[in-house]
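Report on the structure given below.
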Amino acid sequence: MPDTVRRRRDTPPPRTGGSEAEVLRGFLDHLRVSIAAKVDGAPEPQVRTAAVPSGTNLLGLLNHLTFVERATFLGDDVTDWQATFQAAPAHSVAYVVARYRETVERANDVLDTCTDLGAPVPRPRPDRPAPSIRWALTHMIEETGRHAGHADLLRELIDGTTGR
């Protein structure tokens with residue numbers, strides 16, 4: 001464990017608009033920014049080093065969330081979810097963070113076209129059933145929040161950095 005603790009400014013939950021969609025999107029975007037910031041600038045090779053017996057590592061968490069965003073909002077097919085928890089050796093921290101942020105931007109472009117939370121997520125392949133926008137947003141809040149908590153602990157173990 002690092003000898004010093006580096007505290008980042010902690011960001012409180014967002015104050016969003018009054019509609020259900022604004023609240024859900026506000027919390028999801030807050031979590032997305034938090035986890036990307038947690039990974040951004042993390043040192044190699046520790047960012048890829050498993051700190052727990054399951055093999056979970058900081059860079060792999062963000063890589064996994066990129067695949068979850070793409071599957072949920074962009075309709076990508078993922079055949080091996082376990083493999084998504086490892087970033088390719090050639091992919092730098094900056095690359096994985098940039099790819100995540102670009103995926104979030106594309107997902108938000110899709111969400112910007114959705115006005116009915118009960119409607120299915122638009123899919124490029126209409127032959128595949130899609131969840132409702134409400135379900136997809138709630139799932140992504142849960143998934144991103146869960147892994148952001150893991151990331152908090154892993155980053156603190158790497159270099160003592162805490163906070164969102």
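- Across every non-hydrogen atom of Pro122 and Ile133, the tightest pair is CD-CD1, 4.1 Å.
- Among all heavy-atom pairs drawn from Leu111 and Arg32, the shortest one is CD1-NH2, 4.5 Å.
- Taking all atoms of both residues into account, the shortest heavy-atom contact from Leu154 to Ala51 is CD2-CB, 3.5 Å.
- Judged purely by atom type and a 3.5 angstrom limit, Arg134 has no side-chain atom pairing as donor or acceptor with the backbone of Ala119.
- Residue Glu105 qualifies as open at atom CD: its count of foreign heavy atoms under 6.0 Å is 12 or below.
- Cluster membership check: Tyr95 shares its hydrophobic cluster with Leu61, using side-chain heavy-atom separations under 4.5 Å among Ile, Leu, Val, Met, Phe, Trp and Tyr.
- Side-chain heavy atoms closer than 4.5 Å link hydrophobic residues (I, L, V, M, F, W, Y) into clusters, and following such links, even through other members, never connects Trp135 to Phe27.
- Rounding to the nearest 0.5 Å gives a distance of 10.5 Å between CG of Leu28 and NE2 of His139.
- Donor-acceptor pairing under 3.5 Å is recorded for the side chains of Ser19 and Glu22.
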message: side chain to side chain contact (heavy atoms under 4.5 Å, CB included), that's the test. Do Thr162 and Asp152 meet it? Break it down for me.
response: CA-CA 7 Å; Thr162 64; Asp152 285 341; over 6 Å; no
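- Put simply, CZ on Arg101 and CG on Asn108 are 13.5 Å apart, with the number rounded to the nearest 0.5 Å.
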- prompt: Do Phe67 and Asp76 pass the side chain to side chain contact (heavy atoms under 4.5 Å, CB included) test, and can you show the C-alpha distance, the side-chain angles, and the key distance before you say yes or no?
  reply: CA-CA 8 Å; Phe67 280 90; Asp76 285 10; over 6 Å; no
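- In this structure, OG1 in Thr161 is found 8.5 Å from CD in Glu156, a value given to the nearest 0.5 Å.
- Proximity of Pro43 to Asp159: side-chain heavy atoms (C-beta onward) are separated by under 4.5 Å at one or more points.
- The minimum heavy-atom distance between Thr144 and Ile35, with the atom names listed, is CG2-CG2, 4.2 Å.
- With values rounded to the nearest 0.5 angstrom, Leu157 atom CG is found 11.5 Å from Gln46 atom CD.
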message: Is there a side chain to side chain contact (heavy atoms under 4.5 Å, CB included) between Val93 and Val39? Walk through the geometry before answering.
response: CA-CA 7 Å; Val93 172; Val39 177; 4.2 Å; yes
task: Go through the steps for Arg155 and Asp40 under the test salt bridge (charged side-chain N to carboxylate O under 4.0 Å, His left out), then give the verdict.
output: CA-CA 10 Å; Arg155 183 65 190 257; Asp40 199 13; over 6 Å; no
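- Applying the salt bridge (Lys or Arg N to Asp or Glu O under 4.0 Å) rule to Asp112 yields the partners Arg25; only residues at least two apart in sequence or on another chain are considered.
- Remark: side-chain polar atoms of Thr66 are paired, donor with acceptor, to backbone N or O of Leu62 under 3.5 angstrom.
- Rounding to the nearest 0.5 angstrom, the gap separating the CG atom in Leu74 from the OG1 atom in Thr103 is 7.0 Å.
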message: Is there a salt bridge (charged side-chain N to carboxylate O under 4.0 Å, His left out) between Arg106 and Glu69? Walk through the geometry before answering.
response: CA-CA 9 Å; Arg106 288 186 58 207; Glu69 290 267 358; over 6 Å; no
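- Minimum interatomic distance between Ile141 and Leu24 (heavy atoms only, all atoms of both residues): CD1-O, 3.5 Å.
- Considering only residues two or more places apart in sequence or on other chains, His64 meets the side chain to side chain contact (heavy atoms under 4.5 Å, CB included) condition with Val68, Trp81, Thr84, Phe85, Glu143, His147.
- Summarising the geometry of Thr72 relative to Ala136, their closest heavy-atom pair is CG2-CB, 3.6 Å, with the distance given to 0.1 Å.
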query: What's the verdict on side chain to side chain contact (heavy atoms under 4.5 Å, CB included) for Gln86 and Asn63, showing C-alpha distance, side-chain angles and the deciding distance?
result: CA-CA 7 Å; Gln86 297 296 321; Asn63 192 66; 5.9 Å; no
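- No path of Ile, Leu, Val, Met, Phe, Trp and Tyr side chains, each step under 4.5 Å between heavy atoms, connects Leu153 with Val47, placing them in separate hydrophobic clusters.
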